[in-house]
Amino acid sequence: MFYSGAVKKSLYILIIIVSVLTACIDRREYASMCQGLDSLNERNRNDEPFTAADVQPYIDYFDRHGEPNDRLLAYYLLGRAYHEQGEAPMALEQYHKAIECADTLSRDCDFGQLSRVYSQMGEIFYEQSLYNQYFRYLDLSINSFYKSKDTINAFITYEQKSFAYRELNQLDSAVIVSEEVASLYRDFGYESYAATALGSIARTLLIQGKTDKAKKYMIIYEGESGLFNEAGEIEEGREAYYNTKGLLSLKENKLDSAEYWYRKELRDGKDFNNQNGGALGLAMVFEQRHQPDSAAKYYQYAYAMNDSMYAQMATEEVARMQAMYDYSRHQQIAHAEKEKASRRAIVIWVCIGIIVLLSLVAIIIVERINHRHQQIVTKYLESLNIIRQARQDIKKLKANNKENAELIAEKEMVIHEQKDFLKALPTDSLIYKRFSIRGKEPSTDEWLQIEELVFELFPQFQKFMADHNKMLNDKEQKTCLLIRAGFKPKNISDMLNVGPSYISNIRSEMLQKLFGQTGTPKDFDRLLRDIS
């Protein structure tokens with residue numbers, strides 16, 4: 001009996017030891033997984049790439065062992081991974097799962113994280129131009145921020161409604177939202193945020209003809225936002241404000257000042273919007289000065305970028321329609337699984353009919369727009385040829401004698417008429433098709449025209465390229481030219497008919513070759529764009 005009691009005691013001790021060790025191991029594993037999830041969340045905040053495969057282990061673990069807030073964060077990050085990969089339906093599905101994980105009745109509920117889930121869902125609908133859904137999720141996000149006592153992010157989210165109202169061309173609503181949120185910022189002591197909110201609607205007010213109010217808000221923006229240095233220059237990435245300054249100068253008929261601000265936008269701006277906006281602004285300035293040749297040059301530069309962007313947007317628009325259809329189909333099928341099998345076939349065939357119809361509509365729209373744009377291109381090129389021939393005829397006539405004065409005048413009249421025709425073409429149409437659509441390189445003549453305009457805008461860059469000409473092959477030279485013109489790597493790879501990885505690799509190589517430095521492709525872009 002003594003022996004039996006000793007055995008039982010030993011077994012109890014062994015069980016306790018195993019339980020303690022198991023608990024310690026479980027706690028260490030839980031702490032390790034929480035640390036890994038936090039690290040992944042930090043990568044998300046820093047815009048560092050990660051994939052669904054990186055998140056899946058945390059989904060598997062926290063579904064079994066985690067708290068509601070752990071699962072909320074894990075599914076949110078999985079949605080972010082799908083969102084960055086352009087898979088909107090899968091992203092929305094994971095965001096919905098994240099919302100379902102949140103225990104909103106608990107005092108420990110992470111309402112701050114929940115608000116971010118709602119914001120990301122709203123962003124997807126904003127990208128699809130579904131603004132009613134966008135407003136709905138913004139409101140949910142705002143309410144969650146208030147519950148987490150995060151008033152500043154609640155105000156910032158509310159301010160985003162102004163951007164959607166501008167897209168809907170509801171300019172009065174956009175102004176009201178910005179003015180209301182500016183007042184809220186001031187009430188809580190966020191003066192710089194208030195100034196930034198007012199500055200964001202200055203251009204809208206100028207378009208509405210409310211010049212005095214726009215000037216008032218611009219003075220507040222420049223003086224109180226903290227975004228300008230002592231020289232009056234705005235911080236990097238916000239150079240679009242120079243376009244607003246140029247528009248104000250145009251409204252006040254200060255053409256020299258307008259030209260200064262538009263050229264500053266072209267020189268300092270790095271992206272498509274800055275280059276396009278600056279070029280169009282200069283074209284308008286030269287039109288008012290009655291300098292048609294200069295105006296045409298900048299219109300051509302702007303239209304070239306619009307053409308490239310239009311081809312990309314047309315493709316993306318079809319993809320967005322397909323993506324949102326896929327999401328609707330996914331939801332419908334998931335619902336149909338809960339119903340009788342006899343109804344499933346009907347739902348599937350309805351969905352197939354929708355996608356076929358959407359695809360046909362998208363194809364018809366794209367084809368009609370392309371056909372119309374091609375007609376404008378043809379007429380534009382015909383006018384250019386007429387002008388070119390007329391100038392050649394004038395040169396020959398002048399070389400003979402003065403008796404040809406009437407013929408010369410007639411040719412000059414032809415040039416004048418054709419220029420009037422060109423100016424009458426709609427500014428939002430495909431006028432001068434300098435770039436081809438994806439997969440096809442621009443012609444030699446088009447490359448020369450791009451090079452001529454970039455070198456004119458950035459003379460120091462022209463000297464830099466001349467000094468390093470022998471060090472670069474043809475694709476490297478064209479890559480440098482397009483980077484300095486403000487194009488993104490994806491556009492560059494399309495125009496050079498190479499893969500994105502090739503563009504990334506040669507940018508890293510040219511960083512060492514041209515600047516003697518090691519770093520990322522973005523470091524090379526930054527150094528190259530700093531050359532004026």
Side-chain angles (χ1 to χ4, degrees), residues 30 33-35 37-47 55 58-59 62-63 65-84 88 91-128 130-165 173-174 176-194 196-197 200 331:
Y30 177 76
M33 294 301 288
C34 286
Q35 183 179 4
L37 188 65
D38 289 340
S39 176
L40 203 60
N41 193 28
E42 188 67 23
R43 288 169 61 182
N44 173 58
R45 290 173 178 170
N46 294 330
D47 290 328
V55 188
Y58 300 101
I59 296 289
F62 288 116
D63 269 345
H65 304 291
E67 299 294 329
N69 288 340
D70 299 327
R71 292 191 288 274
L72 168 63
L73 178 57
Y75 277 107
Y76 165 73
L77 292 175
L78 185 58
R80 290 286 298 132
Y82 282 122
H83 194 175
E84 289 300 310
L92 285 173
E93 180 180 353
Q94 303 312 316
Y95 290 148
H96 276 298
K97 289 181 179 179
I99 293 170
E100 292 171 358
C101 291
D103 184 3
T104 56
L105 299 179
S106 171
R107 295 176 59 184
D108 297 329
C109 179
D110 190 350
F111 282 104
Q113 186 59 59
L114 183 59
S115 65
R116 294 180 183 88
V117 176
Y118 287 132
S119 292
Q120 290 297 321
M121 295 179 75
E123 182 177 332
I124 289 178
F125 289 112
Y126 182 86
E127 292 169 353
Q128 313 297 330
L130 299 173
Y131 298 115
N132 288 333
Q133 292 91 328
Y134 175 63
F135 289 138
R136 175 193 171 198
Y137 283 99
L138 279 190
D139 288 336
L140 290 170
S141 178
I142 292 168
N143 290 335
S144 294
F145 274 127
Y146 278 130
K147 289 180 181 179
S148 66
K149 301 185 181 346
D150 189 351
T151 55
I152 182 63
N153 274 312
F155 297 160
I156 291 171
T157 305
Y158 176 50
E159 186 180 358
Q160 293 172 7
K161 286 189 175 184
S162 178
F163 307 134
Y165 280 127
S173 296
I176 290 172
V177 168
S178 293
E179 290 178 336
E180 286 181 351
V181 80
S183 178
L184 290 170
Y185 283 137
R186 283 204 188 93
D187 290 343
F188 282 79
Y190 302 117
E191 298 295 337
S192 62
Y193 285 89
T196 301
S200 70
Q331 293 296 88

Would you tabulate the side-chain donor-acceptor contacts of residues 98-107 under 3.5 Å, counting partners in other chains and residues two or more places apart, or write 'none'?
{"residue": "Asp103", "atom": "OD1", "partner": "Leu105", "partner atom": "N", "Å": "3.4"}
{"residue": "Ser106", "atom": "OG", "partner": "Asp108", "partner atom": "N", "Å": "3.1"}

Taken to the nearest 0.5 Å, the spacing of Ser119 OG from Asn153 CG works out to 8.0 Å
What residues form a salt bridge (charged side-chain N to carboxylate O under 4.0 Å, His left out) with Arg80, not counting sequence neighbours? Glu84
Donor-acceptor check, side chain of Ser141 to backbone of Ser115, threshold 3.5 angstrom: yes or no? yes
Sequence neighbours excluded, the answer for side chain to side chain donor-acceptor pair (under 3.5 Å) partners of Asn143 is none
With sequence neighbours left out, write down each residue that passes salt bridge (charged side-chain N to carboxylate O under 4.0 Å, His left out) with Asp187, or none if nothing qualifies. none
Under the rule for side chain to side chain contact (heavy atoms under 4.5 Å, CB included), what residues qualify as partners of Glu42, not counting sequence neighbours? Arg45, Asn46
Considering residues at least two apart in sequence or located in another chain, which fulfil the side chain to side chain donor-acceptor pair (under 3.5 Å) criterion with Asp38? none
Testing the basics here: between Val177 and Tyr158, what is the closest heavy-atom pair and its distance to 0.1 Å? CG1-O, 3.6 Å
I'd like to know whether OH of Tyr193 has more than 12 heavy-atom contacts from other residues, nucleotides or ligands below 6.0 angstrom. no
Using ring-ring contact (aromatic ring centres under 6.0 Å, His included) as the criterion, list what pairs up with Tyr146, not counting sequence neighbours. none
Please give me the minimum heavy-atom distance between Tyr76 and Arg116, naming the atom from each residue. CE1-O, 3.9 Å
How many angstroms lie between atom CD of Gln120 and atom OH of Tyr95, to the nearest 0.5 angstrom? 4.5 Å
Sequence neighbours left out, what passes salt bridge (charged side-chain N to carboxylate O under 4.0 Å, His left out) with Glu191? Give chain and number order. Arg186
Nearest heavy-atom approach of Ala91 to His83 is CB-N, 3.7 Å
Taking all atoms of both residues into account, what is the closest heavy-atom pair of Lys147 and Phe111, and its distance? CD-CE2, 3.6 Å
How would you list, by chain and number, every residue that makes a salt bridge (charged side-chain N to carboxylate O under 4.0 Å, His left out) with Glu180, sequence neighbours excluded? none
Using a 4.5 Å cut-off on heavy atoms from C-beta on, say whether the side chain of Leu73 contacts that of Phe62. no
Who pairs with Phe155 by ring-ring contact (aromatic ring centres under 6.0 Å, His included), at least two apart in sequence or on another chain? Tyr185, Phe188
Please evaluate residues Phe135 and Tyr165 with respect to the criterion ring pair (Phe, Tyr, Trp, His ring centres under 6.0 Å), reporting the C-alpha separation (whole Å), side-chain torsions for both, the decisive distance (0.1 Å), and the verdict. CA-CA 10 Å; Phe135 289 138; Tyr165 280 127; 4.9 Å; yes
For Asp139 and Lys161, what are the C-alpha separation, side-chain angles and deciding distance, and is it a side-chain contact (heavy atoms from CB on, under 4.5 Å)? CA-CA 10 Å; Asp139 288 336; Lys161 286 189 175 184; 2.7 Å; yes
For Phe145 versus Gly112, what's the shortest heavy-atom pair and its separation? CE2-O, 4.3 Å
Sequence neighbours excluded, the answer for side chain to side chain donor-acceptor pair (under 3.5 Å) partners of Ser178 is Ser162
Are the side chains of Tyr75 and Tyr58 in touch, meaning some heavy atoms are under 4.5 Å apart? no
As an exercise, state the distance from CG of Asn41 to CD of Gln113, rounded to the nearest 0.5 Å. 6.0 Å
Locate the shortest heavy-atom distance separating Ala88 from Ile124; write the atom from each residue and the value. CB-CG2, 4.0 Å
With rounding to the nearest 0.5 Å, note down the distance linking CE in Met121 to CG in Leu140. 8.5 Å
Main-chain N/O of Asn69 paired to Asp110 side chain as donor or acceptor, under 3.5 Å: no
To the nearest 0.5 Å, what is the distance between CD1 (Ile156) and OG1 (Thr151)? 9.5 Å
Exam field: side chain Ser39 to backbone Gln35, donor-acceptor pair closer than 3.5 Å: no
Neighbour count above 12 (heavy atom, 6.0 Å) for Arg43 CZ: yes
Which residues satisfy the ring-ring contact (aromatic ring centres under 6.0 Å, His included) test with Tyr134, sequence neighbours excluded? Tyr126
After noting the C-alpha distance and the side-chain angles of Glu159 and Ser200, does the key distance pass the side-chain contact (heavy atoms from CB on, under 4.5 Å) rule? CA-CA 10 Å; Glu159 186 180 358; Ser200 70; 4.3 Å; yes
Output, in order, the C-alpha distance, side-chain angles, deciding distance and verdict of side-chain contact (heavy atoms from CB on, under 4.5 Å) for Tyr118 and Thr157. CA-CA 11 Å; Tyr118 287 132; Thr157 305; over 6 Å; no
